[in-house]
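One structure coming up, written as structure tokens, with questions to follow.
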2 protein chains.
Amino acid sequence: MNSAANALLTTDEPAETGAQQIRDAIRDAIVERRLSPGTKLSESDVGNLFNVSRTLARAALQALSYEGLVSVEKNRGAFVAYPSPDEARQIFAARRLIEPGILREAAARITTSEIQHLRQLLLEESRLISERGQTARRAEIKASGDFHLTLAAISGNTIMQRFMEELVARSSLVIALYGQSTISSCGHNEHGDIVSAIEAKDLDHACHLMLHHIAHIEADLDLRERKGQGLKEAFDL
Amino acid sequence: MNSAANALLTTDEPAETGAQQIRDAIRDAIVERRLSPGTKLSESDVGNLFNVSRTLARAALQALSYEGLVSVEKNRGAFVAYPSPDEARQIFAARRLIEPGILREAAARITTSEIQHLRQLLLEESRLISERGQTARRAEIKASGDFHLTLAAISGNTIMQRFMEELVARSSLVIALYGQSTISSCGHNEHGDIVSAIEAKDLDHACHLMLHHIAHIEADLDLRERKGQGLKEAFDL
DNA sequence: AGCGGTCAAATTGTATACGATTATTTGCGC
DNA sequence: GCGCAAATAATCGTATACAATTTGACCGCT
């Protein structure tokens with residue numbers, strides 16, 4: 001969630017404890033693909049990196065494990081999650097299941113200023129798409145997710161919002177692992193079409209577009225087992 | 001999730017670490033209403049109760065906070081969550097949003113043995129309803145939730161399953177706080193009707209029944225305030 | 001050389017210790 | 001007696017220390 005979306009609807013208390021900051025930092029690194037799936041996250045290393053004790057590092061890693069972004073194996077350590085193809089399918093199945101509902105709820109409550117905010121997100125997104133470079137690619141990934149998260153925020157249901165945050169973050173991991181085309185968000189302006197449908201109050205069409213949008217993202221994945229890297233994951237331990 | 005449902009579909013690893021055991025114990029206590037909303041859960045007290053250090057107690061409380069069952073306030077402590085009326089509405093809104101989707105998915109994949117398992121759950125449930133006593137009431141609460149959780153398990157999507165576990169647990173909290181009728185699960189045999197509709201492959205009707213079922217639970221709520229008991233009594237010391 | 005076992009290094013699991021923050025009680029003046 | 005301030009107690013936030021487990025390596029044996 002970027003600061004713009006933050007300013008819109010979130011309900012976070014100002015004072016963040018140390019572990020949360022570390023958690024957010026690592027999460028951003030994972031979502032922006034600066035940390036590859038399978039990377040080992042030793043408690044000591046994390047603690048040293050952020051100049052805190054292992055206690056806080058451990059707490060942050062535990063929190064990320066609840067979100068499904070890192071997997072902790074008993075007495076072995078924490079690793080950036082390496083979602084299996086089946087897990088990937090479940091993530092997108094979950095998105096297909098809940099995003100239409102969120103969309104309807106959001107469309108029913110959306111204000112003109114929120115529509116404007118969405119349009120601004122789209123603008124930023126297309127600007128990033130046209131840019132070159134790794135950093136632009138990373139920002140694009142984040143922006144693409146922020147569209148869905150903002151929609152969830154507009155829906156007014158903080159629980160669904162949190163579910164979506166998890167799903168979007170994990171989707172980023174899946175795309176990093178299995179995406180084939182370099183373009184992470186679909187080439188077309190599907191987000192814009194959805195906003196237009198919302199604006200036109202054509203909810204059925206908006207949901208239809210959303211489902212297709214998710215399907216397009218998933219269609220870009222090559223969900224075949226990849227061995228030679230995560231051997232342990234291949235035998236699912 | 002009871003042992004019967006466990007045997008069917010869950011994917012739990014045998015060895016559980018200490019904090020998880022404590023987390024589960026406290027969660028059960030909350031869901032079964034042995035711990036009232038608002039009860040203070042001091043890290044030291046929890047640690048002493050389970051004969052572990054504050055470290056593990058803290059980890060368990062953090063985990064429960066992520067599930068929304070306890071709220072931790074900075075430098076003040078952890079408390080059994082006291083969901084606001086608005087939070088309650090969001091919880092049931094979320095359930096209305098996702099349970100129909102889960103139901104459709106489950107109905108598409110359900111096997112005859114799973115249907116039989118569901119029927120057995122219903123039998124157990126109605127047996128508990130006819131019984132008297134506090135323990136029967138608690139078991140009934142759990143059984144009522146297990147129906148929904150089993151459906152989620154049958155759907156085959158572990159992510160949605162986890163979401164449902166959180167929503168069902170929090171629903172129990174809401175009902176404990178705001179429920180007015182002594183009957184926690186609806187008086188009628190709505191669960192049974194849903195299973196019948198699934199068996200008849202009438203998905204639309206099943207979803208309709210599910211939505212009404214959730215609406216009935218929500219209609220039994222009265223948004224007013226109540227307060228707590230004690231920690232030690234809940235764990236019968 | 002290949003195989004098996006024992007030991008050492010590294011990492012996690014848990015407990016304890018200390019500082020910081022909040023709640024409570026005490027004591028004083030009014 | 002009542003209200004307010006300072007001391008006291010309780011609790012949380014974080015760091016460090018120790019125990020348990022795993023992993024990899026070294027060494028002797030077949």
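Every chain is numbered from 1, with letters handed out A, B, ... down the list of sequences. Note that the coordinates shown come from a computational prediction; the quantities given were computed from them, not determined experimentally.
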Which atoms of nucleotides 22-24 of chain C (N or O only) lie under 3.5 Å from a protein N or O atom, and what are those distances?
residue	atom	partner	partner atom	Å
C/dA23	OP1	B/Arg76	NH1	2.2

Q: Measure from CD on A/Gln21 to P on D/dG13 and round the result to the nearest Å.
A: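 Atom-to-atom, A/Gln21 to D/dG13, this comes out as 14 Å.
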Q) Which part of the nucleic acid does A/Val52 contact within heavy-atom distance under 4.0 Å: base, sugar-phosphate only, or nothing? A)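 Sugar-phosphate, no base atom in range.
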**Q.** Salt-bridge contact A/Arg162-A/Glu166 (side-chain N to carboxylate O under 4.0 Å)
**A.**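 No salt bridge links A/Arg162 with A/Glu166.
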**Q.** For the student: nearest non-hydrogen atoms of A/Gly38 and A/Tyr82, plus distance
**A.**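 So the minimum-distance heavy-atom pair works out to N-CD1, 4.0 Å.
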Q: Answer yes or no: is there a donor N or O on one side and an acceptor on the other, between the side chain of A/Thr150 and the main chain of A/Asp146, under 3.5 Å?
A: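 Between the backbone of A/Asp146 and the side chain of A/Thr150 there is a qualifying donor-acceptor contact (under 3.5 Å).
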(Q) Is it the case that the side chain of A/Arg137 and the backbone of A/Leu128 share a donor-acceptor pair, with hydrogens and angles ignored and the cut-off at 3.5 Å? (A)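 Yes: the side chain of A/Arg137 pairs with the backbone of A/Leu128.
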Q) CG of B/Asn48 versus C1' of C/dT14: gap in Å, rounded? A)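 Going from CG in B/Asn48 over to C1' in C/dT14 covers 15 Å.
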Q: Check for a donor-acceptor pair, side chain of B/Glu87 on one end and backbone N or O of A/Ile159 on the other, with a separation under 3.5 Å.
A: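 Flag not set: sc B/Glu87 to bb A/Ile159 has no pair under 3.5 Å.
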Q: Report yes if at least one side-chain N or O of B/Ser42 is closer than 4.0 Å to OP1 or OP2 of D/dA10; otherwise report no.
A: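 No, because none of the side-chain N or O atoms of B/Ser42 sits under 4.0 Å from OP1 or OP2 of D/dA10.
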Q.
Under a 4.0 Å threshold between the charged nitrogen and the carboxylate oxygen, would A/Asp28 count as salt-bridged to A/Lys142?
A.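 A salt bridge is present here (some side-chain N lies under 4.0 Å from a carboxylate O).
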Q. With under 30° as parallel and over 60° as perpendicular, where do the rings of A/His148 and A/His191 fit, or are they tilted in between?
A.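 Perpendicular: the ring planes of A/His148 and A/His191 meet at over 60°.
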Q: Map A/Ser53 and B/Glu43 onto DNA chain D by nearest heavy atom, then report which one ends up closer to the 5' terminus.
A: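 Whichever sits nearer the 5' end wins; that is B/Glu43.
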Q. Tell me, which of residues 54-64 of chain A have any heavy atom that sits under 4.0 Å from an atom in DNA chain C?
A.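 Heavy-atom contacts with DNA chain C come from A/Arg54, A/Arg58.
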Q: Return the value, rounded to whole Å, for the distance between atom CD of B/Glu73 and atom P of D/dC12.
A: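 It works out to 11 Å between those atoms.
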Q.
Expressed as a whole number of angstroms, how long is the span from B/Phe50:CZ to C/dT14:C1'?
A.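 Spelled out: CZ on B/Phe50 to C1' on C/dT14 is 17 Å.
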Q | Pair A/Arg95 + A/Glu218, salt bridge at N-O below 4.0 Å | A |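 Looking at A/Glu218 together with A/Arg95, the answer is no, because their closest N to O distance does not fall below 4.0 Å.
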